[in-house]
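Values below: all heavy atoms of this structure, side chains included; hydrogens, waters and symmetry mates excluded.
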Amino acid sequence: MLCLCFPTAMTDPNKVIINVALFGMTQSGKSSAGNILLGSTDFHSSFAPCSVTTRCSLGRSCHLHSFMRRGGREVTLQVQVLDTPGYPHSRLSKKHVKQEVKEALAHHFGQEGLHLALLVQRADVPFCGQEVTDPVQMIQELPGHAWMNYTAILFTHAEKIEEAGFTEDKYVHEASDTLITLLNSIQHKYIFQYKKGKSLNEQRMKILERIMEFIKKNCYQVLTFK
């Protein structure tokens with residue numbers, strides 16, 4: 001269901017807690033992206049010819065003091081990130097993955113709610129075919145009909161598009177019809193994650209700033225799971 005009120009974490013005017021869930025295909029970079037958001041190594045991340053993540057896992061960041069200002073006051077930010085198994089999975093059935101994710105969302109965000117579902121997609125892999133749309137279908141099954149307002153795309157390995165001579169705008173303009181349709185439905189909420197030439201902290205701050213832009217536009221509303 002859609003909650004139109006501020007979550008309980010927002011009752012402290014000097015602290016904001018945001019809840020993010022990661023979705024995506026196997027080896028899309030979900031766990032690595034989660035670690036960047038948290039500024040830690042909570043999630044196991046490695047290259048493998050199969051799915052690495054088999055269970056949902058919640059990570060909490062340290063407090064980011066003075067991350068932003070609200071009402072003339074400096075506000076501390078904390079990020080909670082739910083990492084989910086790749087979908088489709090090399091070992092687990094779709095039914096199993098769906099149930100695992102459904103239970104984890106209810107357990108971790110049942111009361112506080114979810115601010116953003118982040119679809120993690122490799123920038124160097126074309127977004128087309130049934131496999132890439134499977135994680136999107138899982139997001140579409142989130143409660144309520146307003147999932148589009150709570151979904152953004154994180155393009156990992158974005159340095160590859162620079163190496164190929166693309167700008168971000170050109171990349172999006174020349175994307176597949178499938179990706180363009182999705183971007184249109186989520187109001188073009190997307191982020192590019194670069195690794196080459198950028199420190200982990202630079203990557204983290206850029207992504208978190210973009211995420212906060214999306215959340216503010218939603219007036220901090222959340223999806224809750226009962």
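- Rounding to the nearest 0.5 angstrom, the gap separating the CG atom in Leu118 from the CZ atom in Arg210 is 11.5 Å.
- Residues Val125 and Tyr87 do not share a hydrophobic cluster, defined by chaining ILVMFWY side chains whose heavy atoms lie under 4.5 Å apart.
- A donor-acceptor contact shorter than 3.5 Å is absent between the side chain of Ser28 and the backbone of Gly24.
- Here the CG atom belonging to Leu82 is positioned 7.5 Å from the CG atom belonging to Leu22, to the nearest 0.5 angstrom.
- The minimum heavy-atom distance linking Tyr150 with Ala146 is given by the pair CD1-O, 3.1 Å.
- Between Val222 and Glu112, every side-chain heavy-atom pair lies at or beyond the 4.5 Å cut-off.
- The structure places OG1 of Thr54 at 8.0 Å from CZ of Arg91, a figure rounded to the nearest 0.5 Å.
- Between Glu209 and Ile211 there is no side-chain heavy-atom pair separated by less than 4.5 Å.
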Tell me, with the steps shown, if Thr151 and Lys189 meet side-chain contact (heavy atoms from CB on, under 4.5 Å).
-> CA-CA 7 Å; Thr151 300; Lys189 295 192 296 293; 5.7 Å; no

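- Put simply, the side chain of Val132 does not reach to within 4.5 Å of the side chain of Leu179, judged on heavy atoms.
- For the side chain to side chain donor-acceptor pair (under 3.5 Å) test with Gln80, the passing option among Arg60, His108, His115 is Arg60; the others fail.
- A pairwise comparison of heavy atoms in Asn149 and Asn218 identifies O-ND2, 2.6 Å as the closest pair.
- In the model, His188 has a side-chain atom that pairs as donor or acceptor with a side-chain atom of Asn184 under 3.5 Å.
- Distance alone, capped at 3.5 Å, places no donor-acceptor pair between the Thr53 side chain and the Pro85 backbone.
- Leu208 is listed as a side-chain neighbour of Leu64, based on a closest heavy-atom distance under 4.5 Å.
- Side-chain atoms of Val136 and Leu119, non-hydrogen and from C-beta on, do get closer than 4.5 Å to each other.
- Counting only distance, with no hydrogens or angles, the side chain of Ser176 and the backbone of Cys128 share no donor-acceptor pair below 3.5 Å.
- Heavy-atom minimum distance, Glu74 versus Ser66: OE1-OG, 2.7 Å.
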Between Lys217 and Gln187, does a side-chain contact (heavy atoms from CB on, under 4.5 Å) hold up when you go through it step by step?
-> CA-CA 11 Å; Lys217 285 182 180 179; Gln187 300 89 47; over 6 Å; no

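- Counting only distance, with no hydrogens or angles, the side chain of Glu202 and the backbone of Ser199 share a donor-acceptor pair below 3.5 Å.
- Lys216 and Glu213 are not joined by a salt bridge, as no carboxylate oxygen comes within less than 4.0 angstrom of a charged side-chain nitrogen.
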Can Val97 and Leu92 be said to form a side-chain contact (heavy atoms from CB on, under 4.5 Å), step by step?
-> CA-CA 7 Å; Val97 174; Leu92 305 175; 3.9 Å; yes

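- Looking at heavy atoms from C-beta onward, Val101 lies in side-chain contact with Met138 at the 4.5 angstrom threshold.
- Electrostatic pairing of Lys98 and Glu141 counts as a salt bridge here, judged by a charged N lying under 4.0 Å from a carboxylate O.
- No side-chain heavy atom of Ile191 sits less than 4.5 Å from a side-chain heavy atom of Ile153.
- Classification of the Phe192-Phe155 ring pair by plane angle, with boundaries at 30° and 60°, yields parallel.
- Within the 4.5 Å cutoff, side-chain heavy atoms of Thr156 are placed close to those of Val120.
- Both tests hold for Lys170 against Phe166: distance to the six-membered ring centre under 6.0 Å, angle to the ring axis within 45°.
- Separation of atoms NE2 (His157) and CD (Glu163) is listed at 11.5 Å; rounding is to 0.5 Å.
- In terms of heavy atoms, Ser61 sits closest to Arg204 at CB-NH2, 3.5 Å.
- Around the NZ atom of Lys206, the shell of radius 6.0 Å holds more than 12 heavy atoms that belong to other residues, nucleotides or ligands.
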Passes side-chain contact (heavy atoms from CB on, under 4.5 Å), Met68 versus Leu77? Steps please.
-> CA-CA 8 Å; Met68 61 185 190; Leu77 177 70; 5.6 Å; no

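- Under 3.5 Å, the side chains of Gln99 and Glu103 contain a donor-acceptor pair of N or O atoms.
- Considering CG of Leu154 and CZ of Arg122, their distance stands at 12.5 Å, rounded to 0.5 Å.
- Expressed to the nearest 0.5 Å, how far CG of Leu223 lies from CG of Asn19 amounts to 11.0 Å.
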Return a table of donor-acceptor pairs under 3.5 angstrom between the side chains of residues 32-40 and protein atoms on other chains or two or more places apart.
from  : atom 1 : to     : atom 2 : distance (Å)
Ser32 : OG     : Lys195 : NZ     : 3.4
Asn35 : OD1    : Asp42  : N      : 3.1
Asn35 : OD1    : Phe43  : N      : 2.9
Asn35 : ND2    : Ser31  : O      : 3.4
Asn35 : ND2    : Phe43  : O      : 2.8
Ser40 : OG     : Asp42  : OD1    : 2.5

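- Each of Ile180, Ile186, Thr178 was checked for a side-chain contact (heavy atoms from CB on, under 4.5 Å) with Leu182, and the lone residue meeting it is Ile186.
- Looking at every heavy atom in both residues, Leu116 comes nearest to Phe214 through CD2-CD1, 4.3 Å.
- Inspection of the His65 and Thr76 side chains reveals an N or O donor paired with an N or O acceptor under 3.5 Å.
- Among all heavy-atom pairs drawn from Phe225 and Ala106, the shortest one is CB-CA, 3.8 Å.
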